[in-house]
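All remarks here apply to the structure that follows.
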Amino acid sequence: MGDLRAERIRGFRQRNIRGPRSALTDYLASQNISARQIRANHEARLRAAAAAAASDQAAASSSTAQNVESTEAPEVPEAVEDDEDDAESSVATGTRQAATRKRKSAAAAAEKIKKSKSSKPRKSRRNASDDESDEDALERSAGPVPGQLENCEECHKRFTVTAYSRAGPEGGLLCPQCSMKLTKEENAARSASRKGKQKATAVPIRRERRKIQSLILDGQIGVKTLMTLCVETLANNIHLADDLGDLPLPAIDRISRQLSKRRLMGPITLEFFLRPQTQDVMIYDGGRLGSTDYMRIFQICSTLKTLKLRNAIQFKDEVMEYLIGRHIALDTFYISGANLLTEECWEKYLKTKGQSLRSLRVYFTDRYFGNRTVESLPSYCPSLKRLKICHNQAVNDEGLEHIAQLRELEHLGLRLVSQTQTTPYVNIAQKLGGQLRTLSIRDIPQVDDRLLDAIHDHCTRLVKLRITNSEVMTDAGFARLFMGWKNKPLQFIDLELCRYINPVNPRVNEHMIGFCSAGFRALMKHSGKHLKKLNIHGCRHISGEAFEDVFAAGKVYPELLDLEVSFCEEVTDLIVGLIFKSCPNLKKLNVFGCMKVKDVRVPRGKILVGVPNAVGMIIEGTED
Amino acid sequence: MATKNISPHKFVTLVSSDGYEFVVLREATLVSPAIKGMLDPKSQFSEARTGRCVFEEINGMVLEKVVEYFHYWYKNREREDVPDMEIPVELCLELLMAADYLGLDSKNTRSFVS
């Protein structure tokens with residue numbers, strides 16, 4: 001190949017006078033393609049073909065034994081190469097080689113046969129004198145012409161020669177597969193010899209570091225549990241499995257999660273989770289399952305009680321009809337992303353199967369599962385204890401009114417797309433307050449303090465409270481909620497983004513709108529003892545003094561595991577230190593956007609997430 | 001450790017269903033809440049007195065891997081960058097059962113480490 005390029009350069013030098021070059025010529029030149037060479041190659045081929053025809057005639061007339069046997073065999077060119085020493089071989093050698101190309105033409109000339117023989121590049125290179133003519137040089141370079149078909153030297157397969165075709169060790173050309181193999185081998189050999197052991201180990205270490213960071217973000221620090229190791233190995237080799245056997249439910253759930261994470265949950269892997277006696281089916285990514293796959297679940301698992309499906313796009317009316325037709329009475333139904341299920345179908349399902357339902361969670365629907373469906377819940381599902389409607393575009397204030405009629409409801413989670421008003425929520429708190437254990441309401445910018453007062457007055461058994469994105473609730477309202485509340489200390493509180501929004505003057509909050517210092521103090525006084533998780537993300541008007549008071553030396557929040565104070569601007573290094581001291585069991589502290597946190601000592605076993613420095617997203621403590 | 005004062009043995013013996021015995025560092029086995037419970041001197045289980053745990057559900061091959069995991073955990077428990085332990089594919093499911101039985105799950109281990 002090197003010779004080829006040299007020839008091209010020489011060719012360019014000879015062209016002294018040049019006109020303006022077209023873009024095409026430039027492009028072709030940049031790709032090492034020259035029209036001149038293509039023409040030369042073409043002529044060379046014509047000549048070779050002519051020679052072949054001539055030799056055919058000669059062969060026919062002379063009828064020597066060797067000629068007869070060689071005409072068909074494709075390996076002949078290599079045989080010719082082997083005896084390369086007799087370069088000045090007879091006309092017969094040339095004819096043999098040419099004959100294999102099977103090209104026919106009329107003309108014949110002895111000297112042209114010699115030239116065609118020189119189209120074997122390596123052989124002629126050995127013998128070529130320096131003062132060979134340009135024509136000879138061009139012809140020689142023409143050996144393997146781009147676009148021409150050639151047999152691979154390694155595997156003898158026929159392939160199309162391109163500008164990238166590589167020469168093999170024997171001088172012939174290699175097909176793309178073989179040349180790729182050769183390149184790989186060469187690279188491997190080169191890196192092994194040049195870099196030695198040191199570099200070879202350096203690469204995995206760097207990758208290791210990234211992997212460790214990624215694992216920490218997934219919540220995995222230090223030694224993996226045996227369960228995790230097994231589940232990962234299993235997911236890596238799931239194609240070898242034909243049955244999972246009698247595994248306990250937590251293990252099955254872990255496997256299902258891992259397979260879904262790796263996007264391996266398809267029709268074949270689904271089979272592992274379906275057995276006649278299965279009561280729980282949990283699929284975390286049903287994106288690759290079709291309607292028939294979902295029907296298979298109901299075909300096989302006749303005693304199904306719990307069904308959890310995420311991304312169940314193909315869970316359509318026909319699947320629901322099938323479920324309605326089977327003797328399956330689900331008590332937990334969790335479905336996400338099934339927005340092809342029509343309102344009528346939901347109604348029909350709830351009417352026939354709603355009696356047994358204790359938990360219904362519906363995520364990501366657009367046109368269906370609207371007010372009418374919610375309206376039907378109290379009559380069709382009298383024993384419903386848990387209801388969650390998230391990312392729902394059809395339910396609005398009107399539908400909310402009916403939730404208050406659910407007599408048994410203990411856990412309520414709502415995240416509606418439409419703007420809702422305060423009254424229906426107040427109504428829910430009044431009617432169900434005495435029994436609710438979970439109240440989670442997200443994205444309610446227009447809901448005001450009246451809801452907080454209603455919760456204060458009526459809710460007495462709450463364990464988990466979430467109110468997010470309220471733009472009008474006030475600090476005084478929050479303080480009233482937590483002060484003197486009959487409810488036991490809560491375990492989970494999430495008041496994310498309950499804050500005053502004013503783009504002109506964001507830091508001035510005259511009327512103390514949002515969750516601020518007074519509310520925070522009251523909250524920690526009321527629930528601090530048993531609080532496990534607290535999220536006050538974006539409650540930016542909580543003052544530094546409030547934080548310092550709440551986490552002051554001597555105060556202990558023994559059960560707090562997870563604290564999120566991102567975008568609370570007053571959080572400083574001192575406050576983070578106080579938090580670590582007063583929360584002995586804290587696992588994770590999020591401080592994204594707390595720009596006053598700069599250099600904190602993190603105790604061993606605790607994770608600080610989101611410090612704005614170069615150390616990384618997450619710092620795991622090393623201090624004892 | 002408190003257990004050392006009461007039970008003089010630094011090592012415990014784990015016995016598989018087919019009679020193979022593995023002598024393991026006591027502290028290393030404590031990663032498993034199940035074994036920890038068995039060996040708890042307050043529990044009055046025979047295992048706590050003899051330092052010998054017999055697992056009728058776990059065969060020798062699987063128990064060998066479990067013991068290997070105990071050592072792997074013990075060796076790496078203070079480290080952050082831990083290379084994954086190799087799990088033989090053919091033992092994977094049985095090992096998963098054993099892991100569940102011994103409580104080698106994320107929740108349990110996490111609480112132990114802290």
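Chain letters run A, B, ... following the sequence lines, proteins first, then strands; residues in each count from 1.
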Next item on the list: Anything in residues 85-94 of chain B with a heavy-atom distance to chain A below 4.5 Å? Please list those residues in order.
Entry: B:Met85, B:Ile87, B:Val89, B:Cys92, B:Leu93
Note to self: Go through it in stages, so that I can follow the logic: the residues are A:Leu226 and B:Tyr72, the test is side chain to side chain contact (heavy atoms under 4.5 Å, CB included), and I'd like the CA-CA distance, side-chain angles, deciding distance and then a yes or no.
What the structure shows: CA-CA 10 Å; A:Leu226 188 56; B:Tyr72 162 81; over 6 Å; no
Note to self: Distance check, rounded to the nearest 0.5 Å: B:Leu102 atom CG versus A:Met227 atom CE?
What the structure shows: 10.5 Å
[X], [atom1] atom: more than 12 neighbouring heavy atoms under 6.0 Å:
{"X": "A:Ile268", "atom1": "CD1", "value": "no"}
{"X": "A:Lys464", "atom1": "NZ", "value": "yes"}
{"X": "B:Phe55", "atom1": "CZ", "value": "yes"}
{"X": "A:Met282", "atom1": "CE", "value": "yes"}

Next item on the list: Find out whether A:Arg254 and B:Asp105 are in side-chain contact, i.e. whether some heavy atom of one side chain is under 4.5 Å from a heavy atom of the other.
Entry: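 Side chain of A:Arg254 against side chain of B:Asp105, heavy atoms only: contact under 4.5 Å found.
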Item checked: side chain to side chain contact (heavy atoms under 4.5 Å, CB included) between B:Asp84 and A:Glu232, worked out -> CA-CA 10 Å; B:Asp84 281 0; A:Glu232 282 174 3; 3.9 Å; yes
Notebook entry, point to check: Going by residue number, which parts of residues 238-250 of chain A are within reach of chain B, meaning a heavy-atom gap below 4.5 Å?
Noted result: A:Leu240, A:Asp243, A:Leu244, A:Asp246, A:Leu247, A:Pro248, A:Pro250
